[in-house]
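The structure under discussion appears below in the form of structure tokens.
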Amino acid sequence: MRNDIGAALRAQRIETPSWAYGNSGTRFKVFAQEGVPRDPYEKIADAAQVHAFTGIAPTVALHIPWDRVDDYGDLARHAAGLGVGIGAINSNVFQDDDYKLGSVTNPDPAVRRKALGHLLECVDIMDATGSDTLKLWFSDGTNYPGQDDIRARQDRLAEALAAVYDRLGEGQRFLLEYKLFEPAFYLTDVPDWGTAYAHCVKLGSKAQVVVDTGHHAPGTNIEFIVAFLLREGRLGGFDFNSRFYADDDLMVGAADPFQLFRIMYEVVRGGGLRPEIAFMLDQCHNIEPKIPGQIRSVMNVQEATAKALLVDGEALAAAQAAGDVLGANAVLMDAYNTDVRPLLAALREEMGLDPDPMRAYARSGYFEKIRAERVGGTQAGWGA
Ligand code: RM4
Ligand code: MN
């Protein structure tokens, strides 16, 4: 393995989401699983397992209020004691009756104030946990033409974003997430990267765009968006997951590993494999076991990254300059078609890890332990 490739893979960091460890489902049914965490402390313990077996998942994202605790400093110390840190703080202004007509874009100023209050509280939690990233996703939108004024809603959104931006401290930033549709069906106030980008550019460099891979129309060229945002210095990070139909939140790389490779190639090409770009998972494991689901996902991102790093940049540039369409395409495909699993197994051994994280976790007895211990209490779930 080339030294630079090994070093890049060793330095890679992938963040797992606290909500992936709790019960989840669709709007039809949430399936309970054995051993599921009952509080944020247990979710972090599970995230620490993913890091222990992969070696590249040292932070866990929180979702407020799902991960509300009395003492966030204590939660951060608990995480540190388990060898992980607190990652992005995810705000939630979509699960309250008041937000039926929107949160920060709501026509009612009192609701807008309440939503902004929550966002500012999330910055307080960043201060208390040492997190440097706030993730903003708004479910805001309308279901019917004429329901509200599109321009006024953009004004309200801009006002709220500016207030959050002003509250950010030294070394803190926010990531603005976009999503094509759902839960609003006619209009979404931040539907695409262009809208998110325009709001961020107005505010300054601490406002960046986050690309959730599940939040696009079918067929969207996500790697173009990645290349563009990186070039503009506005790519803050990813929420990785897979989609077949809508915002499916399946394991990253499960639906379209080639797309994940193309995205990671643009990341490598654009110099994006660095700590300032957050590589986060945003997934739910509705029917598969959760910790192995996360381990598999981390490995999927790692495999796509290794393949992207294997692209022969010089040969590609030469073929492109010569107008050699087939040659250029072949350079990319050669890298994609390389089996990088032996290379990654060797890398893990060098890092003192088991070469097979899935089997090592299964053998560890952790699942049997949490299944026996975590009885009683209320299982954490999506929205709980
Ligand atoms: C949203 C969005 C956010 C995530 C929530 C759970 O669709 O993707 O990033 O925090 O879901
Ligand atoms: Mn997301």
Side-chain angles (χ1 to χ4, degrees), residues 14-27 30 40 43 47 59-68 86-96 99 102-104 115 118-119 121-122 125-126 131 133-141 164 173-185 188-193 195-196 200 208-217 220 222 225-226 229 235-253 255 260 263 277-286 290 293-294 297 301 380-384:
I14 297 163
E15 181 165 310
T16 74
S18 70
W19 54 100
Y21 303 101
N23 284 325
S24 60
T26 65
R27 64 184 185 277
V30 170
K43 291 184 200 172
T59 54
V60 52
L62 300 185
H63 212 295
I64 309 298
W66 305 342
D67 296 318
R68 190 162 269 156
I86 304 296
I89 303 298
N90 286 248
S91 55
N92 180 326
V93 281
F94 51 90
Q95 283 188 313
D96 191 299
Y99 300 142
S103 63
V104 293
H118 171 73
L119 303 182
E121 182 205 346
C122 286
I125 295 170
M126 291 165 71
S131 163
T133 300
L134 172 67
K135 176 130 58 73
L136 302 172
W137 175 65
F138 299 105
S139 64
D140 294 44
V164 177
R173 61 170 176 173
F174 74 60
L175 306 184
L176 181 55
E177 184 168 353
Y178 59 90
K179 177 171 165 173
L180 179 64
F181 84 103
E182 197 195 22
F185 293 120
T188 296
D189 292 299
V190 190
D192 54 27
W193 69 269
T195 308
C200 288
Q208 297 159 358
V209 181
V210 56
V211 175
D212 183 313
T213 47
H215 288 189
H216 306 86
T220 299
I222 299 175
I225 299 169
V226 170
L229 290 174
L235 180 70
F238 291 91
D239 265 5
F240 279 128
N241 51 56
S242 280
R243 69 189 293 278
F244 284 100
Y245 297 102
D247 186 19
D248 304 347
D249 283 343
L250 298 175
M251 292 188 296
V252 58
L260 182 59
I263 290 171
I277 312 285
F279 297 87
M280 302 172 285
L281 305 180
D282 177 10
Q283 302 180 173
C284 291
H285 305 291
N286 300 348
K290 295 161 195 305
Q294 287 287 291
S297 305
V301 177
W382 198 90

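As the structure is a computational prediction, the values presented were derived from the model and not from experiment. We count ligands from 1, going down the list as the structure has it; atoms in each ligand are counted the same way.
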* Asked: Of the protein's non-hydrogen atoms, which lies at the shortest distance from atom 6 (C) of ligand 1, and what is that distance?
  -> H63 NE2, 3.7 Å
* Pair H216 + Y178: ring centers closer than 6.0 Å -> yes
* Contact between H215 and ligand 1, counting heavy atoms under 4.0 Å? -> yes
* Does W137 reach ligand 1 with a nitrogen or oxygen that is under 3.5 Å from one of the ligand's nitrogen or oxygen atoms? -> no
* Specify the closest pair of heavy atoms between H285 and K290, including all atoms of both residues, with the distance to one decimal. => O-NZ, 2.8 Å
* To do: Would you please classify the geometry between the F181 ring and the F185 ring as parallel, tilted or perpendicular, with 30° and 60° separating the classes?
  => tilted
* **the Mn ion (ligand 2) - closest N/O/S atom in D282** => OD2
* Asked: How about D282 and W19: does a side-chain donor come under 3.5 Å of a side-chain acceptor?
  -> yes
* Asked: Taking both backbone and side-chain atoms of E177, is any N or O found less than 3.5 Å from an N or O belonging to ligand 1?
  -> yes
* If you look at E177, which of its N/O/S atoms is nearest to the Mn ion (ligand 2)? -> OE2
* Asked: So, Q294 side chain and A20 main chain: donor-acceptor pair closer than 3.5 Å or not?
  -> no
* Only one of D192, T188, D247 clears side-chain hydrogen bond (donor to acceptor under 3.5 Å, both in side chains) with K179; which? -> D247
* Region of N92 that comes within reach of ligand 1 [heavy atoms, distance under 4.0 Å] -> neither
* To do: State the atoms of ligand 1, each with its element, that fall below the 4.0 Å cut-off from a heavy-atom position in N90.
  => 10 (O)
* **For the Mn ion (ligand 2): the N/O/S atom of D239 at shortest distance** => OD2
* Counting each atom of ligand 1 from 1 as listed, which ones have a heavy atom of D212 under 4.0 Å away? -> 8 (O)
* **Ionic contact status for E121 with R68, cut-off 4.0 Å** => yes
* To do: For K135, take its heavy atoms, then give the atoms of ligand 1 lying under 4.0 Å from any of them.
  => 9 (O)
* For ligand 1, find out whether one of its N or O atoms is nearer than 3.5 Å to an N or O atom of D239. => yes
* With a 3.5 Å cut-off and no angle check, do the side chains of N241 and D212 form a donor-acceptor pair? -> yes
* Could you tell me whether the side chain of Q283 reaches within less than 4.5 Å of the side chain of S242, counting heavy atoms only? => no
* Structure fact -> Among non-hydrogen protein atoms, atom 7 (O) of ligand 1 lies closest to D247 OD2, 3.5 Å
* Structure fact -> In D212, the N/O/S atom nearest the Mn ion (ligand 2) carries the name OD2
* Heavy-atom nearest neighbour in the protein, as seen from atom 4 (C) of ligand 1, with distance rounded to 0.1 Å -> D282 OD2, 3.4 Å
* 4.5 Å side-chain heavy-atom contact, F138 and L176 -> yes
